[in-house]
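Keep in mind it's a predicted model, so treat the numbers as computed, not measured.
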Amino acid sequence: MGSADGTGEQLSALAAALRGLRAERGSPPPRAVLREAHRHGLHTLTPNVLDHAFTGRRALDADIVVDLVRALMLHGGGHRELLPADDPALRPWRDACRTLPAPRTAAVGSVREPRWYALSFGRHSGAVGSLAFTPSGSLLATAGWDPVVRLWDPGTGRAGTPPLQGHTGPVTALAFAPSGSLLVSAGWDRTVRFWDPVSGEPAGSPLTVHDGRVRCLAYSRDGRMLVTGGHDGTVRCWDVSTRRPVGEPLPGHTGPVTRLLLSRDGRALATTGEDRIVRLHHPVTGQPLTGRIPADLAGPDALAFSRDGRTLVTGGRDGTVHRWSTGTGRPVGKPLTGHTGPVTQAVVSPDGRTLATVGHDGTVLLRNPATGRPAAGPLTGHTGPVGHTVFTPDGRLLVTAGTTDRTVRVWHTATGAALGEPLTHGATSVVALRCSPGSTLLATGNRDGTVGVHFLPPDLP
């Protein structure tokens, strides 16, 4: 029965119109609608949104209704390209939503107090420490302490393929090729494996590349080179097309290599490890760019390049942050202070304007990476060490995860303001973070083996 003000009839009429459009487009099943929508970056659409839209049970934001119409028009021989959100053909749908009441609960939240829509799925049989999105954001790869790699549709939580099996021990690193056509995994079994992300089948033979566990890997931005770091203390560069090594292994570490990072221009490779030494090499020639950075100034995970690749940022166990010239290896400016305990991670925003550091003291510091001056904050709220942080690719948001308070917090980069309530995953803690290329999805790898996906508000400044 409709409401006294006719709202029920309006919702029913809009739902009928959406069902009619869906029928005109060949009645694609919800999963197909979501798959095509997410492939085009329309991550506002979820199973619940489709249910509410086609049944009229709940009012939806006009932008979400328009996104659904845009997604439906991709089916049934309709538009091959996604219509712009301001296309005149969409105006009647937007007008139809103007007289409806504001939605009681938006799927992705409001600007002032976001309501996080989340999925939780899995599970792996151990902590999920590695996450990777395809460049389109349509697939999420997960791995951890079991020997299985899994592929998911991040918008629905459904498996994209059967589990990818081949490793015989924990999987420690994942990376998609920049083209999205290949997934690479590495693990304790000393192998690097290549997978077809569409079929889930192996793509060629595995590489046995290190005399010990493979701890980390990274693709070059052009996708031609793969770099791996191992428990044996060496770093190796590989030609992806031939699967053959490029030059000799890069020496210099006296213990396991735990992290490696390529600069955006591909001219510098930074590595660090359990020996607490940071080294810089040219990834193609293998030549050292500088001497080693002193061990007492570097932490095992706090490592970041400036956007132009000219500066390397490291975080120290004494709570200081240092900047180094990648050309000379000399310090850039004075050490940056502010943390009262070890710095666990450092990240530079995609536009290069903000440096975020987190540490055992539970604080998050935002600075200008060139001048070292505070940009906002300090950001407080975590009640224990902060172990992980990541910027969304558009740079609007910073996400942090606490190691003991078991919360994930989202911050507005420009102001340092906390957005909404902290995200929690029950009694488990988050051990990995990753944002989708479209900046609308946040994936978490959890200690209990589950995977979480949160839909980030797209309407924030």
Just to verify, what does W145 make a ring-ring contact (aromatic ring centres under 6.0 Å, His included) with, not counting sequence neighbours?
W188
Is the shortest distance from a Lys or Arg side-chain nitrogen in R94 or D63 to a carboxylate oxygen in the other one below 4.0 Å?
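A salt bridge is present here (some side-chain N lies under 4.0 Å from a carboxylate O).
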Verify, without hydrogens or angle tests, whether [X] (side chain) and [Y] (backbone) share a donor-acceptor contact under 3.5 angstrom.
| X | Y | answer |
| --- | --- | --- |
| R409 | G381 | yes |
| R323 | A370 | yes |
| T172 | A186 | yes |
| T389 | V399 | yes |
| N368 | A375 | no |
| T320 | P335 | no |
| D146 | S125 | yes |
| T407 | L423 | no |
| T363 | L379 | no |
| S263 | G309 | no |

[X] versus [Y], closest heavy-atom pair with distance:
| X | Y | value |
| --- | --- | --- |
| T344 | G387 | OG1-CA, 4.1 Å |
| P283 | C237 | O-SG, 3.3 Å |
| G180 | P135 | CA-CD, 3.6 Å |
| A304 | V348 | CB-CG2, 4.1 Å |
| D275 | G255 | OD2-N, 3.9 Å |
| A132 | F176 | O-CE1, 3.4 Å |

Measure the spacing between [atom1] of [X] and [atom2] of [Y] and express it to the nearest 0.5 Å.
| X | Y | atom1 | atom2 | result |
| --- | --- | --- | --- | --- |
| R215 | T228 | CZ | OG1 | 13.0 Å |
| H388 | T403 | NE2 | OG1 | 7.5 Å |
| T55 | L50 | OG1 | CG | 10.0 Å |
| T357 | L365 | OG1 | CG | 4.5 Å |
| L83 | L74 | CG | CG | 7.5 Å |
| R330 | T326 | CZ | OG1 | 13.5 Å |

Below 4.5 Å, heavy atoms only, C-beta onward: do [X] and [Y] meet side chain to side chain?
| X | Y | answer |
| --- | --- | --- |
| R279 | T272 | no |
| L90 | V69 | yes |
| T311 | R307 | no |
| L151 | L183 | yes |
| L72 | V33 | yes |
| R310 | S325 | no |
| W238 | V184 | no |
| W93 | L14 | yes |

Test log, rule side chain to side chain contact (heavy atoms under 4.5 Å, CB included), inputs L217 and V227
CA-CA 5 Å; L217 60 83; V227 185; over 6 Å; no
Checking H253, R213, H210 against D232 for side chain to side chain donor-acceptor pair (under 3.5 Å), the one that qualifies is H210
Run the numbers on T191 and R193 for side chain to side chain donor-acceptor pair (under 3.5 Å), then give the verdict.
CA-CA 6 Å; T191 66; R193 296 178 181 269; 3.3 Å; yes
Please determine whether side chain to side chain contact (heavy atoms under 4.5 Å, CB included) holds for the pair W195 and L174, giving the CA-CA distance in whole Å, both sets of side-chain angles, and the decisive distance to 0.1 Å.
CA-CA 11 Å; W195 310 90; L174 294 172; over 6 Å; no
I'd like to know whether T271 forms a side chain to side chain contact (heavy atoms under 4.5 Å, CB included) with L250, so could you lay out the CA-CA distance, the side-chain angles of the two residues, the decisive distance to 0.1 Å, and finally the verdict.
CA-CA 10 Å; T271 59; L250 307 181; over 6 Å; no
Take L226 and V192, measure what side chain to side chain contact (heavy atoms under 4.5 Å, CB included) needs, and give me the verdict at the end.
CA-CA 10 Å; L226 183 72; V192 171; 4.1 Å; yes
Using the six-membered ring wherever Trp is involved, compare the ring planes of H382 and W411 and label them parallel, tilted or perpendicular (cut-offs 30° and 60°).
tilted
If you count heavy atoms of other groups shown closer than 6.0 angstrom to CZ of R264, is the number above 12?
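Result for CZ/R264: enclosed.
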Which pairs count as salt bridge (charged side-chain N to carboxylate O under 4.0 Å, His left out) when at least one residue sits in residues 430-456, sequence neighbours excluded?
none
One pair to check against side chain to side chain donor-acceptor pair (under 3.5 Å): H124 and T142. What are the steps and the verdict?
CA-CA 9 Å; H124 288 267; T142 64; 2.8 Å; yes
